[in-house]
Protein chains: 2
Amino acid sequence: MPSVTATTRTRLTPAERREQLLGLGVRLLADRSLDELSIDLLAEEAGISRGLLYHYFGNKTAFHEAVVRHAADDLIAQTAPPAGGEPLDRLLVSVAAYVDYVTANFEGYVSLVRGAAGGNETLRGIYEEVREVLSERIFLEDAQGELVHDTPRNRLVVRGWAAMCEELVIAWRTDPGEVSRDELLGIITGALPALVDAVAPRR
Amino acid sequence: MPSVTATTRTRLTPAERREQLLGLGVRLLADRSLDELSIDLLAEEAGISRGLLYHYFGNKTAFHEAVVRHAADDLIAQTAPPAGGEPLDRLLVSVAAYVDYVTANFEGYVSLVRGAAGGNETLRGIYEEVREVLSERIFLEDAQGELVHDTPRNRLVVRGWAAMCEELVIAWRTDPGEVSRDELLGIITGALPALVDAVAPRR
DNA sequence: CATCTTATTGACACTTGTTCAATATCGCCA
DNA sequence: TGGCGATATTGAACAAGTGTCAATAAGATG
């Protein structure tokens with residue numbers, strides 16, 4: 001058993017190392033905020049020198065951006081609507097997948113969202129992009145407009161609805177109270193058509 | 001005209017200096033994010049030494065918290081419902097005041113919200129507190145429950161509605177499109193009863 | 001006008017981000 | 001199998017910003 005520092009540097013392929021560091025970055029976010037994720041901490045946790053992180057990511061913010069992008073891609077992939085079935089059912093499944101994803105990865109998800117929403121231009125861009133993708137599915141899956149016609153006004157409404165969903169899921173997961181998962185899903189999915197109707201320009 | 005440094009230190013009362021620094025802090029937030037607001041920058045801008053800031057606020061995060069609290073109190077005061085009139089009218093006026101406040105102080109408001117929502121425990125606490133106060137008014141002013149009965153479920157709904165409002169106002173102010181201020185107000189105020197109805201547990 | 005309180009300063013120690021020449025690991029080929 | 005070369009990796013040095021504190025001077029008070 002070596003004393004304190006067993007300095008046998010291990011050499012990975014760039015792809016492997018990148019993957020390791022990004023994965024570790026995402027994992028560490030469960031316990032810390034994005035800007036508490038210092039280069040020092042990550043280097044120590046990964047068992048590498050600080051310099052190596054700069055070799056791979058250039059600087060701290062670029063690393064943060066890479067981590068957020070990594071997690072964002074993961075979220076988007078995990079909540080993709082299923083291939084078959086009725087359009088509206090596919091949406092339901094996708095929304096449910098979103099709720100379950102947040103439930104399962106709560107700390108990391110919250111940390112990510114807060115870090116990205118409060119971060120620099122690029123970070124917010126990624127955050128916006130995720131919302132955009134999730135919202136876009138509404139119009140993409142519901143091509144006939146059974147639920148929501150694709151109008152500029154309704155785009156705004158869906159945007160607001162998405163913000164509401166994020167808040168609701170986080171609030172619910174923090175304290176479910178007496179509301180079950182299915183009831184939450186009911187609230188979320190019921191809210192969209194209600195909003196669309198309420199906001200429809202009167203003729 | 002003194003050369004570069006006219007070092008005549010001016011001595012203010014603690015209250016004056018505190019006020020000056022907080023006001024300057026809030027003002028500087030219009031052009032920078034919260035964590036780009038370094039002690040260095042603020043000291044230079046205020047024409048004082050860094051040490052003085054530490055004398056008044058202890059450390060950087062404490063200063064941030066004080067700035068955010070200052071701005072939050074301002075927002076709450078400026079959107080207070082009027083004294084007289086119908087309960088529902090008072091709410092309308094208050095919501096309108098909120099929209100106008102955000103419109104007038106846009107850069108600073110966005111910077112504040114992002115900084116606070118993405119910040120530490122205390123910062124988020126202040127952010128939550130503001131939302132809490134704004135939401136609380138709904139139930140306070142509408143004591144008879146004409147609009148929303150005070151139930152746990154509706155508290156959740158109002159919370160989601162508040163998040164939606166924030167998003168809508170920011171999105172609208174960023175790009176109003178063809179939506180007028182009054183239409184936006186219509187959307188916001190129309191959304192609340194619609195949500196409440198949609199979410200009501202069926203009997 | 002002298003004195004005393006205390007608002008204010010400036011220099012110093014320390015943490016954290018960033019750079020880069022030097023080092024050592026591992027695949028490859030003789 | 002053993003040396004060689006490409007390059008993944010390191011560590012020391014530097015920059016910038018945070019936090020500390022004994023020393024200083026502005027302005028009120030008598």
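All chains are named by letter (A, B, ...) in the order of the sequence lines, taking the proteins before the strands, and each is independently numbered beginning at 1.
- Here the side chain of B:L12 is nearest to one of C:dT18, C:dT16, C:dT8, namely C:dT8.
- Regarding B:H55, its NE2 atom lies at a distance of 18 Å from the C1' atom of D:dT18, rounded to whole Å.
- Within the structure, every side-chain polar atom (N or O) of A:Y54 is placed at least 4.0 Å from both OP1 and OP2 of C:dT19.
- Inspection of the B:R137 and B:T79 side chains reveals an N or O donor paired with an N or O acceptor under 3.5 Å.
- In this structure, B:R9 places its CZ atom 9 Å from P of C:dT8, rounding to the nearest Å.
- Using a 4.0 Å heavy-atom criterion, one finds that B:T13 contacts no nucleic acid atom at all.
- Among the atoms of the strands shown, base atoms are found under 4.0 Å from some heavy atom of A:R50.
- Candidate nucleotides C:dG17, D:dT9, D:dA25 were compared by shortest atom distance to the side chain of A:S38, and C:dG17 ranks first.
- Going from atom CD of A:E36 over to atom P of C:dT15 covers 17 Å, rounded to whole Å.
- In this structure, the side chain of A:S94 does not engage the main chain of A:R90 through any donor-acceptor pair within 3.5 Å.
- The nucleotide whose nearest atom lies closest to any side-chain atom of B:R17 is, among C:dT8, D:dT10, D:dT9, C:dT8.
- Protein atom CG of B:D35 is 10 Å distant from nucleotide atom P of D:dT18, rounded to whole Å.
- Between A:E45 and A:R27 there is no salt bridge, since no side-chain N of the basic residue sits under 4.0 Å from a carboxylate O of the acidic one.
- Across C:dG17, C:dT6, D:dA8, the shortest atom-to-atom separation from the side chain of A:P14 is found for D:dA8.
- Distance CG (B:L53) to P (D:dT18): 10 Å, rounded to an integer number of Å.
- Looking at heavy-atom distances under 4.0 Å, B:Y56 makes contact with sugar-phosphate atoms alone, never a base.
- Computed from coordinates, the A:L42 CG to C:dT15 P distance equals 20 Å when rounded to whole Å.
- A donor-acceptor pair is defined here as one N or O able to donate and one able to accept, closer than 3.5 Å; no such pair exists between the side chain of B:D150 and the backbone of B:F139.
- Rounded to a whole Å, the CZ atom of A:R18 is 17 Å from the C1' atom of D:dT9.
- The residue A:F63 sits apart from the nucleic acid: no heavy atom pair falls under 4.0 Å.
- Looking at heavy-atom distances under 4.0 Å, B:L52 makes contact with a base.
- Using a 4.0 Å cut-off between charged side-chain N and carboxylate O, A:E136 and A:R155 make a salt bridge.
- Side-chain proximity of B:I39 to the nucleotides C:dG17, D:dT18, D:dA8 is greatest for D:dT18.
- Straight-line distance from the CZ atom of B:R11 to the P atom of C:dA7: 6 Å, rounded to whole Å.
- Between the side chains of B:T61 and B:N59, at least one donor N or O sits under 3.5 Å from an acceptor N or O.
- Between D:dG17, D:dA8, D:dG19, one nucleotide has an atom nearer to the side chain of B:D40 than all others, and that is D:dG17.
- Ranking C:dT25, D:dA25, D:dT18 by closeness to the B:K60 side chain, first place goes to D:dT18.
- Among the nucleotides D:dT10, D:dA25, D:dT9, the one closest to the side chain of A:I48 is D:dT10.
- Base engagement by B:S49 is indicated by at least one non-hydrogen atom pair under 4.0 Å involving a base atom.
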